[in-house]
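Reckoned from all heavy atoms, side chains included, excluding hydrogens, waters and symmetry mates. Per chain, numbering begins at 1; letters A, B, ... match sequence-line order.
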2 protein chains.
Amino acid sequence: MNEMTQPTPRTTLHEELVGKLREMIFSGELRGGDRVPEQKLCDQLGVSRTPLREALKVLGNEGLLELLPNRGARVATLSEADIDEIFPVMGALEALSGELACANLTDAEFAEIRAMHYQMALHHTRGELAPYFQLNRQIHDAILKAARNPTLEAQYNALVGRIRLARYWSNMSKERWDQAMKEHEEILSALEARDGKLLSGILSQHLENKRRTVRQAFREGGTEVQGTGVAYD
Amino acid sequence: MNEMTQPTPRTTLHEELVGKLREMIFSGELRGGDRVPEQKLCDQLGVSRTPLREALKVLGNEGLLELLPNRGARVATLSEADIDEIFPVMGALEALSGELACANLTDAEFAEIRAMHYQMALHHTRGELAPYFQLNRQIHDAILKAARNPTLEAQYNALVGRIRLARYWSNMSKERWDQAMKEHEEILSALEARDGKLLSGILSQHLENKRRTVRQAFREGGTEVQGTGVAYD
DNA sequence: TGCTACTAAATTGTATGCAAAAATCAACAC
DNA sequence: GTGTTGATTTTTGCATACAATTTAGTAGCA
C-alpha cells in the first residue's frame with residue numbers, strides 16, 4: 001500500500017516532456033539555432049524516442065522549434081521581422097485583455113495589482129531592473145487572468161513564448177524606462193476606473209513601445225542574460 | 001532514373017496526417033465528441049500508429065482534439081462558453097487585420113475584394129445563402145492576407161478551426177443578414193479609404209454580431225449541414 | 001591544395017512489440 | 001430488474017527494431 005513512487009503522475013510522458021523542453025528553451029539550456037538531437041536528449045532525460053518525438057512535434061507546431069524533414073529539429077530563432085510581426089498581435093490581445101479585465105476585475109484583484117504596481121514603482125526609483133521586470137510581468141499576467149478568458153490567455157502565452165526566444169535584456173534607456181513607468185501609472189488608473197476602452201488603448205500603445213525597445217535591443221545585440229529569459233517593458 | 005513514384009512528397013507522414021485529420025474534423029467525417037480510435041484510423045489511412053499519434057498530439061495542442069491520458073482522443077466539442085470566449089479573441093485579431101490591411105493593401109487587392117463584395121451582395125439579394133457564406137469567408141481571408149502578418153494569420157486560423165467544430169448554419173434572420181450586408185458595405189468603404197481605425201472598429205463590432213448569431217444558432221441547435229463546416233456571418 | 005565520388009556512420013522516419021490501463025461483458029447476489 | 005464483482009478483450013503508452021535519408025569522412029584525381 002505504501003507506494004514510494006510518485007503519488008500519481010496523472011500525466012503522460014510526452015506532456016511532461018513538452019513542459020521540460022519549453023523550460024530548457026526558455027532557460028537557455030537549448031539556445032536558438034541549436035540542433036535538438038533526439039538520442040542525446042533521450043539519454044539525458046531517461047525516456048525513449050517515441051514520447052520525445054511527440055513532444056517535438058507539439059513544440060514545432062507552437063513555433064518554438066523548427067522541424068526540418070529528415071533533418072531533425074532546431075530551436076527556432078527570432079528575426080527582427082518576427083518581432084515586428086508578433087508584437088502587434090500581442091498588442092491586440094493585451095488590449096482585449098485590458099478591456100475584459102475592466103469588466104471582470106474584483107476589488108481584491110485590483111488591490112493586489114495596485115500593490116504590485118507600487119512595489120514595481122519602488123524598484124523603478126531605485127533603478128533595480130531585474131525585480132522591476134519580474135513585477136511588470138506579474139502585473140500583466142494578473143490583468144490577463146482577470147480577463148477570464150482561457151483562450152485569450154493561451155494565445156497570448158504562446159506569443160510570449162516565441163518572444164522569449166530572444167534572450168536578452170532590453171538595454172532600456174532611462175527615458176524609455178521612465179516612459180514605461182508613466183504608462184503603468186495610466187494603466188493602474190484606467191483599471192481603477194474600470195475604463196476598458198481607455199485601458200485597451202493604453203496597453204496597445206504600451207506594447208507598441210515595447211516592440212520598439214525590444215527591436216532596438218535586438219539590433220544592438222543587447223546583453224545576453226543567463227537563465228531568466230527575455231525581459232522587457 | 002525514371003521514377004514513377006511521387007515526384008517527391010517532401011513532407012513527413014505525420015504532417016500529412018495532421019492535415020488529413022483536420023479535414024476529417026472540418027468535413028464532419030469525425031464529429032465533435034467522437035472517439036478517435038488509433039488502430040481503426042491507422043488501418044483506414046494505411047499508416048502505423050507512431051506518426052498518427054504524433055499528429056494526434058499536435059491537434060490536441062491546437063484544441064481540436066481532447067486528449068485524455070490512457071483514454072485516447074476525442075474530437076473536441078464547443079460549448080456556449082467557448083463561443084463567448086473565442087469570438088472576442090477573433091474580434092481583436094480581425095480588427096488588427098483590418099488595420100494592417102489598410103496600411104498594406106494594394107490597389108489590385110482592393111479591386112479583387114470589391115469584386116467579391118459585389119458578387120456577394122448579389123447572392124444576398126437573391127437569398128442564396130451558401131455562396132454568400134463562401135464569398136464572405138473569402139473576403140475576410142483576403143483582408144487577413146493583406147495584413148501581411150503570418151503570425152496573425154496562424155493565430156486567427158487556429159481560432160476559426162475551433163469555431164468550425166460547431167457545424168451548423170447560423171439560421172440567420174433576414175434582419176441579421178441585411179445588417180451583416182450593411183456592415184460589409186462599411187467594411188468595403190473603410191478599406192477603400194484605407195481608414196484603418198475605422199475598419200478596425202467595424203470589424204470588431206461585426207465579429208461581436210457574428211458571435212451573437214452563432215451563439216443563438218447554437219442554442220437553437222441550428223440545422224446541421226454535411227461537409228462544409230460551419231458557416232456564419 | 002582543392003574538388004569530386006564513393007563509402008561508412010549517424011540520425012531521422014516509420015513500424016512493430018510488449019506492458020499497463022481502461023472498457024466490455026458475463027456471472028452472480030440482492 | 002438492478003447493481004456489483006471479476007475475468008476477458010480492447011486500447012493506449014512507451015520502448016525497441018528496422019529502413020531510409022542525411023551527414024561525415026576518405027580516397028582518388030586534376
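Of all the heavy atoms in A:Val75 and A:Arg31, the pair that sits closest is CB-O, 3.3 Å.
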Evaluation steps, salt bridge (charged side-chain N to carboxylate O under 4.0 Å, His left out), between B:Glu66 and B:Arg74: CA-CA 5 Å; B:Glu66 200 178 350; B:Arg74 283 186 149 67; over 6 Å; no

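In this structure, the CG atom of A:Leu45 is 15 Å from the C1' atom of D:dA15, given to the nearest Å. The CG-P distance, from B:Leu67 to D:dG13, rounds to 7 Å in whole Å.
Using a 4.5 Å heavy-atom threshold, the side chains of B:Leu41 and B:Leu21 count as touching. Residues A:Glu62 and A:Arg22 are in side-chain contact: their nearest non-hydrogen atoms beyond the backbone lie under 4.5 Å apart.
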Could you encode protein contacts along nucleotides 9-14 of chain C as a string, one character per nucleotide from 5' to 3', using B for base contact, S for sugar-phosphate-only contact and - for no contact, with a heavy-atom cut-off of under 4.0 Å? --SBBB

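Atom CZ of residue A:Arg148 and atom CD of residue B:Glu85 lie 12.5 Å apart, to the nearest 0.5 angstrom.
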